[in-house]
Structures are given as C-alpha cells and as structure tokens.
Amino acid sequence: RSPALVVGLLAILKAGGAYVPLDPSYPGERLAHILADAAPSIVLADAAGRAALGEAALAECTVLDPATLPALPDTNPSVAGLTARHLAYVIYTSGSTGTPKGVMVPHHAIARLVINNGYVDIRAGDRVAFAANPAFDASTFEVWAPLLNGATVVVIDHDTVLMPAAFAHTLREQRISILWLTVGLFNQMVTQVDTAFSQLKALIVGGDVLDARWVAQVMRESPPEQLINGYGPTESTTFATTYKITSVPETNASIPIGRPIA
C-alpha cells in the first residue's frame with residue numbers, strides 16, 4: 001500500500017481497464033495461479049513485486065517500465081462505451097476448496113458501497129485510513145470511499161498497522177476520522193491501546209464475529225461517534241449488511257450483523 005498504488009488504481013480505471021491486486025507476500029504458487037487465471041494484459045509492479053512474481057510469470061504480459069512514461073501521450077484516454085456495469089476489479093479469495101477464486105466487481109457495486117450507502121456519511125473534510133492489504137476487499141472501501149466523496153486517503157504502511165501503539169499514534173497524528181479494522185486487529189487495539197478510537201467519526205469492524213466483551217469496553221472507555229459492525233463476503237463487495245452499535249447489554253453473547261446497506 002502506497003500513494004503510487006493509489007495512482008496506479010486511478011490510472012487503470014481512467015483507461016477503462018480493471019485491476020487485479022496481487023500481494024507480493026503470497027506464495028509463488030498462488031501468485032502464478034492468479035496470473036494464469038486472470039490473464040492480465042499488463043502488470044504494474046515495483047522491484048519487490050517483480051521479484052515475487054518471477055520473470056517466468058511476467059514473460060506472458062507487458063510490464064510497464066517507469067522510464068518509458070515521459071514518451072507516452074498526456075491526453076485523456078477515450079473510454080467511450082464504458083458503463084457502470086463494466087468490470088472495475090477482480091479480487092481472489094481462497095475459495096471453499098482452497099483454490100483461489102476470482103470475484104468480478106463492476107463499477108456500480110463500488111458506487112453503491114460508498115455513495116449514499118445509509119451507514120456512514122463521508123464528506124470532503126474526512127480523512128480515511130488506507131490500512132488494509134490491497135489484495136483484501138476492505139481496500140475497496142478505504143480507497144474509493146474517500147476519493148468518490150471528495151475526502152482524503154491517508155496511506156498507512158504495513159509495519160505501522162501491526163504495532164498497536166504506533167498505529168494509535170498515527171491515527172491521532174493524521175487526524176483519521178473514518179477507519180476500517182478487521183476483528184482481530186480491533187481486539188488487539190482494545191487490549192493494548194484502549195483510547196485509540198475516541199477521535200473517530202466512524203469505526204467499522206468486520207471480517208469475523210465481534211466479541212461483545214471488547215465492544216462493550218470500547219463503548220465504555222473510548223467510543224467513536226459511530227461504531228459499526230460490517231458484514232459481507234467479497235462477492236457482495238465488502239459489506240452486505242451493517243449494524244450501528246449504540247450499546248451492549250451485559251447479557252449479549254453476540255453483536256447483530258444488521259440490515260442490508262442502501
């Protein structure tokens with residue numbers, strides 16, 4: 001995750017293409033399968049990405065070299081005929097059989113996730129953390145929610161995300177107002193930096209079953225303006241349902257997954 005990655009995503013969509021995010025830390029066999037299955041015509045890769053993919057895998061497609069960019073035209077590309085139902089990206093899940101499975105997401109699915117969605121009001125003054133693995137569908141919300149609403153994307157590097165104290169410091173220093181977290185990371189933050197969430201306008205937690213104990217602790221000690229349980233598989237484009245948590249009764253064994261987003 002980096003500013004260059006965001007530029008790359010914008011460039012691909014502006015040219016009328018669709019992107020397939022690849023994580024360089026994935027096993028080589030998985031990367032090779034995704035490349036063979038998706039059959040991309042172009043690969044955008046930095047040095048780490050090229051090393052992870054291997055020259056044999058890259059031989060089948062064009063790898064853009066930044067040195068050639070000044071020679072290319074600087075006019076807007078023509079995307080005549082592109083509609084909201086055309087493909088925006090493909091993200092690979094492990095699949096129930098363990099074989100990576102590509103989920104194809106059109107433009108209108110992203111728009112309905114982040115515009116007039118009924119669960120969080122994203123405005124031009126908001127600052128949204130881009131902290132998830134780009135090959136995980138939470139990045140759909142983290143990148144396109146701010147950009148399609150005139151807000152700011154704040155890129156947070158991988159190492160910072162894995163250190164709760166440093167992550168909490170960055171959230172405060174960068175004035176993050178909207179944050180998405182996996183349940184595991186949320187639980188870790190609650191136990192180690194219990195004041196990290198009080199400045200947030202909205203905190204969305206998802207990807208697994210929420211533990212009512214940790215949710216109750218946040219609501220008591222460091223509540224954001226809104227705490228939202230977001231639920232949905234990759235096939236539904238990040239969230240299918242959301243539930244705004246306002247209180248956690250002592251007898252609650254679970255947090256509801258709520259109702260469909262708008």
Side-chain angles (χ1 to χ4, degrees), residues 1 5-14 16-21 23 38 79 82-93 101-156 161 176-183 185-186 200-210 224-245 255-262:
R1 64 212 81 170
L5 176 68
V6 177
V7 170
L9 299 182
L10 283 164
I12 291 164
L13 294 190
K14 187 170 183 176
Y19 63 88
V20 182
D23 183 348
V79 288
L82 196 68
T83 75
R85 297 195 176 274
H86 277 92
L87 192 63
Y89 70 77
V90 179
I91 276 189
Y92 279 77
T93 69
K101 177 183 61 177
V103 175
M104 303 191 297
V105 176
H107 287 262
H108 73 84
I110 299 173
R112 77 103 178 99
L113 174 71
V114 302
I115 298 173
N116 298 327
N117 53 37
Y119 63 91
V120 62
D121 180 23
I122 303 158
R123 303 194 175 190
D126 284 316
R127 295 170 65 84
V128 181
F130 175 20
N133 184 330
F136 182 43
D137 68 348
S139 63
T140 306
F141 176 85
E142 294 176 325
V143 172
W144 301 117
L147 293 185
L148 290 173
N149 287 285
T152 300
V153 182
V154 180
V155 182
I156 301 179
V161 172
I176 301 299
S177 60
I178 298 175
L179 174 66
W180 187 96
L181 289 179
T182 61
V183 171
L185 192 53
F186 170 79
L200 297 172
K201 168 179 157 179
L203 171 60
I204 305 169
V205 185
D208 206 341
V209 179
L210 280 170
E225 287 183 33
Q226 296 181 76
L227 179 58
I228 299 165
N229 185 14
Y231 170 82
T234 302
E235 289 82 351
S236 68
T237 315
T238 313
F239 305 132
T241 69
T242 58
Y243 177 75
K244 184 177 179 180
I245 304 167
I255 305 295
I257 62 171
R259 296 180 178 276
I261 70 173

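Note that the structure is a prediction, hence the values are computed from the model and not measured. The figures that follow rest on heavy atoms only: side chains count, while hydrogens, waters and symmetry mates do not.
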*Partners of Y92 by side-chain hydrogen bond (donor to acceptor under 3.5 Å, both in side chains), sequence neighbours excluded?*
D37
*Would you please name every residue forming a side-chain hydrogen bond (donor to acceptor under 3.5 Å, both in side chains) with N133, sequence neighbours left out?*
D23
How close do [X] and [Y] get, counting heavy atoms only, and between which atoms?
X: V90; Y: G102; value: CG1-CA, 3.8 Å
X: I91; Y: F136; value: CD1-C, 3.9 Å
X: A18; Y: Y89; value: CB-N, 4.1 Å
X: T238; Y: A138; value: CG2-CA, 4.2 Å
X: H86; Y: T83; value: ND1-N, 2.9 Å

*Who are the ring pair (Phe, Tyr, Trp, His ring centres under 6.0 Å) partners of F186, not counting sequence neighbours?*
F197
Strictly distance-based, threshold 3.5 Å: is any side-chain N or O of [X] a donor or acceptor partner for the main-chain N or O of [Y]?
X: S139; Y: P134; answer: yes
X: T241; Y: I257; answer: yes
X: N229; Y: P256; answer: yes
X: T242; Y: G230; answer: no
X: Q226; Y: V120; answer: no

Just verifying a value: how many Å separate [X] [atom1] and [Y] [atom2], rounded to the nearest 0.5 Å?
X: T140; Y: L9; atom1: OG1; atom2: CG; result: 9.5 Å
X: Y19; Y: L87; atom1: OH; atom2: CG; result: 10.0 Å
X: L179; Y: F141; atom1: CG; atom2: CZ; result: 9.5 Å
X: L227; Y: I245; atom1: CG; atom2: CD1; result: 4.0 Å
X: L200; Y: L181; atom1: CG; atom2: CG; result: 8.5 Å
X: I228; Y: L210; atom1: CD1; atom2: CG; result: 11.5 Å

*Knowing that exactly one of L13, N149, V153 qualifies, which makes a side chain to side chain contact (heavy atoms under 4.5 Å, CB included) with W144?*
L13
_Using the rule side chain to side chain contact (heavy atoms under 4.5 Å, CB included), only one of L113, T93, T234 pairs with D137; which is it?_
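When side chain to side chain contact (heavy atoms under 4.5 Å, CB included) is applied between D137 and each of L113, T93, T234, only T234 qualifies.
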_Residues in salt bridge (Lys or Arg N to Asp or Glu O under 4.0 Å) contact with D121, at least two apart in sequence or another chain_ =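 In terms of salt bridge (Lys or Arg N to Asp or Glu O under 4.0 Å), with neighbours along the sequence ignored, D121 is linked to R123.
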Heavy-atom side-chain proximity of [X] to [Y] below 4.5 angstrom:
X: V209; Y: V183; result: no
X: F239; Y: N117; result: no
X: D126; Y: P146; result: no

*Step by step, work out the side chain to side chain contact (heavy atoms under 4.5 Å, CB included) result for T182 and D208.*
CA-CA 7 Å; T182 61; D208 206 341; over 6 Å; no
*Scan for salt bridge (charged side-chain N to carboxylate O under 4.0 Å, His left out) pairs involving residues 229-245, sequence neighbours excluded, and state none if there are none.*
K101-E235
Per-pair distances, 0.1 Å, donor-acceptor, side chain in residues 103-112, under 3.5 Å, sequence neighbours excluded:
unit_1 : atom_1 : unit_2 : atom_2 : d
H108   : NE2    : R85    : NH1    : 3.2
R112   : NH2    : S236   : O      : 2.4

*asked:* Within a 6.0 Å radius of atom OH on Y231, are there more than 12 heavy atoms belonging to other residues, nucleotides or ligands?
replied: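 Counting neighbours around OH of Y231, 12 or fewer heavy atoms of other residues, nucleotides or ligands fall under 6.0 Å, so no.
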